[in-house]
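Please read all numbers here as calculations on a predicted model, not as lab measurements. Heavy-atom basis, side chains included; hydrogens, waters and symmetry copies ignored. Chain A is the first sequence line, chain B the second, and so forth, proteins listed ahead of strands; every chain is numbered from 1.
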There are 2 protein chains.
Amino acid sequence: MSSFQEFQARHDLSMEALCARILERHAATIRVKKPAVAIANLARIVETTLTLANRKGFHSMSLRDLTEQSGLSMGALYAYFDSKDTLLMMILGQVVGVVEEVLGRPPEALATDPAGRLRWLLETHLYLTEAMHPWFVFAYMEAKAFPKEGRELAVSSEMMTESMIADALADGVARGLFAVPDVTMAAVLIKPMLQDWYVKRAKHRRRGVTPDLYAEQLIAFVEAAVGLRTMQAAGR
Amino acid sequence: MSSFQEFQARHDLSMEALCARILERHAATIRVKKPAVAIANLARIVETTLTLANRKGFHSMSLRDLTEQSGLSMGALYAYFDSKDTLLMMILGQVVGVVEEVLGRPPEALATDPAGRLRWLLETHLYLTEAMHPWFVFAYMEAKAFPKEGRELAVSSEMMTESMIADALADGVARGLFAVPDVTMAAVLIKPMLQDWYVKRAKHRRRGVTPDLYAEQLIAFVEAAVGLRTMQAAGR
DNA sequence: AGATATAAAGCGAGCGCTCGCTCGTTTTTT
DNA sequence: AAAAAACGAGCGAGCGCTCGCTTTATATCT
């Protein structure tokens, strides 16, 4: 069983589970009372929004497109959000929330193992973005063009993962495991390689690269860059 | 004198020079006859478009915004392009053209020096995107959302630089200089680190990172990852 | 169990507005 | 005075969003 499959078994990232969380968060705005109905329709709305917005941009997607593709009427849509921007923030907020949840607490066993923690961070980031691919593409592409609140959310979320990587690196340097002149800079350079997996996923797929393969090769590349001695090299 | 300054001295990438090239390319569509007038107004149009589009997205920028900020009237704008999409393609086409021109032919002295060629590619890419920062942000952000022709242009341009990097790596491996298990994969991983310089330039600037510093650190990171022996290490 | 009343959910034509774009007119240059 | 360039009000289409209405689900009462 691949590591990615194990990851999926550990986390329920199904559309329904994610929309249930959106419902909790936005219970104040959503006018539909019955959770089962609300979750089912939110799923239809979000699914369609991600498809259309990732194809031609959120702003270019009209609410009429959304009614046609989702099967819900104009009025029904506005029972779930009070403006198009709120719909955007629902999706963005859920992405940020899941990132905090999944990446926020590494296994305690890795607390004293910076190399393992770095590996875990890279792997988990890739698997998470693979499992929620359209969500992350959406967040990446739309975050900057929209309300201030959304941009700040996205920036602070990115800063968090970046500093987790930097911490693992600094820890490794302190233990003499890594040789990195500037850990912040190294973390800054690693981040875009993680993002590239989902931003240009079609390209990677065309080359036949799976998430597990990308994870393996990215980790090898990064470990070489930070000067981690492999077991063979260390044994010499 | 910094390398970036040398780069700027070697290439005229001023707004006027770039718009002169746009005028050549689109002489058929542009209805204004006198080159001096056409170039000056194209410069105003492109400058304003880049500013507005990079702030809120090309699609969200209305032509009325553009008239107000550029000082040209609606009718005057349409003497320079026949549709909003054509304006987009003018800018995109110029970016792709300059990339081919500047990155397309490395100094001949580096033909038998893969490490030097790799360094030159990374450095030159960073300096070029720094000198034309708003252009590249525009191309990166808007390429996917717009006409098919534009997307294909952007993809093929990216493929070109990627394969130039892969070639330098393969050459280095053949000469026993680099240790890279998969040169294509390594090139794929390097590209997003190059793009990050302009995509998140505000972040880098906030940290006080100059183009020269970023170039230096990126090159060090990549050289470590591909296993290049430094002079000191080789001398041991 | 069937009839009725009430609440919940969904509907979609239409409102005010802004969009990309045109074209008859005016201004500037030669 | 002719040619070139710039102007900007106005067009129809399409936008986000509202609201009076219909349909469906649930509760209540014979």
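Atom OH of Y78(B) and atom C1' of dG8(D) are 14 Å apart (whole Å). If you measure from atom CG of L66(B) to atom C1' of dC7(D), you get 15 Å, rounded to the nearest angstrom.
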- Task: List the steps and the verdict of side chain to side chain contact (heavy atoms under 4.5 Å, CB included) for L194(A) and L218(A).
- Result: CA-CA 8 Å; L194(A) 287 171; L218(A) 172 61; 3.7 Å; yes
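In this pair, F7(B) and F4(B) present their aromatic rings parallel. The plane angle is below 30°, not in the 30 to 60° band. A perpendicular orientation is assigned to the rings of F58(A) and F138(A), their planes being inclined by more than 60° (bins at 30° and 60°).
The pair E101(B)-R21(B) meets the salt-bridge criterion, since a charged nitrogen lies less than 4.0 angstrom from a carboxylate oxygen. A salt bridge links E130(B) and R205(B); the closest N-O separation between the charged side-chain nitrogens and carboxylate oxygens is under 4.0 Å. The pair K203(A)-E162(B) counts as a salt bridge, with a side-chain nitrogen and a carboxylate oxygen less than 4.0 angstrom apart.
Under the 3.5 Å distance criterion, the side-chain polar atoms of R31(A) are matched with a main-chain donor or acceptor of Y78(A). Judged by distance alone, the side chain of S163(B) and the main-chain N or O of A166(B) form no donor-acceptor pair under 3.5 Å.
Protein chain A contacts DNA chain C over a range whose 5' and 3' limits, counting nucleotides with an atom under 4.0 angstrom from a non-hydrogen atom, are dA8(C) to dG14(C).
Mapped onto DNA chain D by nearest heavy atom, S83(A) and G71(B) fall at different nucleotides, with G71(B) at the one closer to the 5' end.
For the pair Y80(B) and dA5(D), the criterion of a side-chain N or O lying under 4.0 Å from OP1 or OP2 is not met.
Against DNA chain D, the stretch residues 22-44 of chain B makes heavy-atom approaches under 4.0 Å through R31(B), V32(B), K33(B), K34(B), V37(B), N41(B).
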